[in-house]
Amino acid sequence: MSKPSLPQGTRDFNAVTVQKRQYIFQTIRAVFEEFGFTPLETPAMENLDTLMGKYGEEGDKLIFKILNNGLDHPQKKEQTILGFDKILEGKSSSTITERALRYDLTIPFARYVAMNHGALTFPFKRYQIQPVWRADRPQKGRYREFYQCDADIVGSESLLNEVDLIALYVTAFQRLNVPVEIKINSRQILLALAELCGGSDQLINLTISIDKLDKIGWEKVQQELTTKGFTTEQQNNIQAYLNLSGTNTEKIQKLSALLGDNAAGQEGIAALNYILNYHTHTGMESHLVADFTLARGLNYYTGLIFEVKAKDADMGSIGGGGRYNDLTSLFGVPNIPGVGISFGVDRIYDVMEEKNLFPTSISQSTQVLFFNLGEAEALQAYQLMLTLRNKKIACEIYPEKSKFDKQFKYAEKKNIPTIVILGSEELASKKCTVKNLSTGIQTTISFDELIDFQF
RNA sequence: GAGGGCGUAGCUCAGUAGGUUAGAGCGACACUUUGUGGCAGUGUAGGUCGUGGGUUCGAGACCCAUCGUUCUCCCCA
């Protein structure tokens with residue numbers, strides 16, 4: 001028999017890890033609810049055509065596809081072979097696969113809104129905390145199964161939504177004690193730059209290249225631009241754009257001069273200004289950084305875009321989002337604008353672990369261990385234990401009569417702070433001994449006193 | 001999709017330029033110690049050296065392949 005193993009990029013989570021992860025989930029969920037979002041869950045799998053073509057060319061390749069059932073049926077052989085030919089051409093084929101694991105939470109949400117728009121009250125605010133899957137190659141901070149926590153608002157174009165989502169980010173990361181900066185940019189600003197440099201059809205080429213600036217440097221970006229057909233003059237404009245520096249206000253002023261009266265550009269700048277000004281009144285402006293190199297790979301964004309970066313941590317973005325003004329039209333329902341953000345829990349966990357940001361109190365489970373010192377003693381201890389449990393004190397009794405040594409060591413290993421000794425002497429006198437394992441202090445008290453004991 | 005690093009006990013690793021019977025620390029278990037743990041002592045268990053080929057008198061070590069893992073690029077949370 002071969003050794004058991006896990007699929008690449010997936011993990012088991014032990015007790016301590018689960019407790020830490022739940023701490024993150026609970027913190028984020030509480031903030032979502034305080035901000036007026038209600039929960040939604042969607043299936044792990046979607047129809048393949050719901051997902052295909054929504055995440056760009058790269059994204060399509062990273063979707064986990066599910067093999068159809070019944071492919072072993074001889075009658076389907078011809079069909080299946082035809083389908084496989086399509087796969088070899090790089091297309092997908094419904095005769096071989098018609099379902100896939102969800103790649104993110106935004107598209108399934110758009111699908112949900114499109115299916116239920118008649119029944120929803122707009123603006124509709126939902127949050128969703130579920131795993132997603134990507135057929136990516138695992139590496140640092142990158143998993144094939146990971147959780148996203150999304151909050152989206154659809155049915156409203158107001159920039160107040162963007163303002164509120166940023167406030168949500170700031171609140172959540174403050175509660176988690178993770179210092180972050182939130183980068184913001186606008187797809188319209190990127191579009192304006194594209195229009196100035198070769199036309200709007202160059203938008204995607206342009207954003208892919210400039211997004212790499214901080215990784216590969218200007219020299220290589222320039223080379224890439226040359227091969228993509230940008231002229232020297234256009235490259236100079238792009239360089240000027242990328243070199244904008246200073247405070248948020250200064251950068252925006254310089255950008256405005258650079259983009260001139262380009263309509264999309266001015267719209268993007270106005271939106272950016274609105275957000276920044278608003279947050280000067282909330283005190284949250286200090287977390288915001290206008291970053292015109294921020295592009296984000298997902299094609300469906302149309303307005304402001306965000307990305308969250310943990311300060312002083314070697315980790316990609318731990319959250320991202322933006323405005324998509326017509327996502328549901330992909331599913332036949334036009335004119336429902338939306339904006340949303342996502343938290344990457346697995347990366348947040350990695351950052352918090354690396355920087356030791358988890359509170360120490362979350363890793364304890366059992367509070368009191370009752371020693372098992374014989375049949376009659378255990379019966380009495382068991383009854384007392386149930387009473388304590390009813391008072392919400394987590395207790396357990398050692399299941400076998402064993403030596404003190406063994407029971408003590410069990411308590412230590414499980415990090416149980418208190419033990420209760422109830423042996424033959426205590427049973428006779430209707431008392432028990434409560435011992436605090438970290439201080440070593442113990443007291444003998446009556447059963448009634450135990451029930452009201454402050455652990 | 002492209003390219004590197006690493007696979008030796010449950011864990012972290014050592015293992016010299018191929019040379020008898022593969023090592024340590026930690027952990028586990030037992031005993032010292034059947035009414036008081038953490039410390040200490042003694043002992044026990046645990047390995048087809050990732051797998052399959054090859055070179056060699058001889059391979060944990062060298063070569064090839066394969067699988068796993070990890071990191072980088074691409075892209076992303």
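Reminder, nothing fancy here: chain letters follow the sequence lines and each chain counts from 1. The model shown is predicted, which means the values in this text are computed figures rather than measured ones.
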Any donor-acceptor pair under 3.5 Å linking the side chain of A:Gln222 with the backbone of A:Gln235? no
By salt bridge (Lys or Arg N to Asp or Glu O under 4.0 Å), A:Lys403 pairs with (sequence neighbours left out) none
Euclidean distance for C1', B:rG5 against B:rA9 (whole angstrom): 24 Å
Nearest of B:rU72, B:rA77, B:rG35 to any side-chain atom of A:Ser424? B:rG35
Tell me if the aromatic rings of A:Phe13 and A:Tyr349 count as close, with their centers under 6.0 Å from one another. no
Tell me the salt bridge (Lys or Arg N to Asp or Glu O under 4.0 Å) pairs involving residues 350-377 of chain A, sequence neighbours left out? A:Lys20-A:Glu353
Close side-chain approach of A:Phe32 and A:Lys125, heavy atoms under 4.5 Å: no
Classify the side chain of A:Arg134 versus the base of B:rC75 as yes if they form a donor-acceptor pair under 3.5 Å and no if they do not. no
Can you see if the side chain of A:Gln8 gets near the phosphate of B:rU69 - specifically, an N or O under 4.0 Å from OP1 or OP2? yes
Sorted by chain and residue number, the side-chain hydrogen bond (donor to acceptor under 3.5 Å, both in side chains) partners of A:Asn161 (sequence neighbours excluded) come out as A:Ser156
A:Met45 meets the side-chain contact (heavy atoms from CB on, under 4.5 Å) criterion, sequence neighbours left out, with A:Ile66, A:Arg99
Could you pull out all residues at least two apart from A:Glu41 that satisfy salt bridge (Lys or Arg N to Asp or Glu O under 4.0 Å)? none
Grab the N/O contacts between the protein and nucleotides 26-34 of chain B below 3.5 Å, and write none if there aren't any.
residue	atom	partner	partner atom	Å
B:rA30	OP1	A:Lys406	NZ	3.2
B:rC31	OP2	A:Lys403	NZ	3.4

All stems with RNA chain B, defined as three or more consecutive Watson-Crick or G-U pairs under 3.5 Å: B:1-7 with B:67-73, B:10-13 with B:23-26, B:28-32 with B:40-44, B:50-54 with B:62-66
Spacing between A:Asp136 atom CG and B:rC74 atom C1', to the nearest angstrom: 9 Å
Salt-bridge test for A:Lys391 and A:Asp452: reply yes if a basic N is under 4.0 Å from a carboxylate O, no otherwise. yes
Once salt bridge (Lys or Arg N to Asp or Glu O under 4.0 Å) is applied, do any residues pair with A:Glu145, and if so which ones, sequence neighbours excluded? none
I want to confirm an ordering. Mapping A:Leu422 and A:Leu62 to their closest nucleotides on RNA chain B, which one lands closer to the 5' end? A:Leu422
What's touching nucleotides 2-8 of chain B from the protein side, N or O pairs under 3.5 Å?
none

Look at the side chain of A:Lys435 and decide which nucleotide, out of B:rG35, B:rG37, B:rC71, has an atom nearest to it. B:rG37
Measure from the side-chain heavy atoms of A:Glu425 and tell me the nearest of B:rC76, B:rG37, B:rG35. B:rG35
Between A:Tyr103 and A:Phe64, is the gap from one ring center to the other below 6.0 Å? no
Tell me which residues in residues 441-455 of chain A lie within less than 4.0 Å of RNA chain B, going by non-hydrogen atoms. A:Gln442
B:rA45 and B:rC64: how far apart are their C1' atoms, nearest whole angstrom? 38 Å
My understanding is that only residues two or more places apart in sequence, or in another chain, count here; which of them pass side-chain contact (heavy atoms from CB on, under 4.5 Å) with A:Leu330? A:Lys54, A:Leu327
Residues in salt bridge (Lys or Arg N to Asp or Glu O under 4.0 Å) contact with A:Asp405, at least two apart in sequence or another chain: A:Lys409
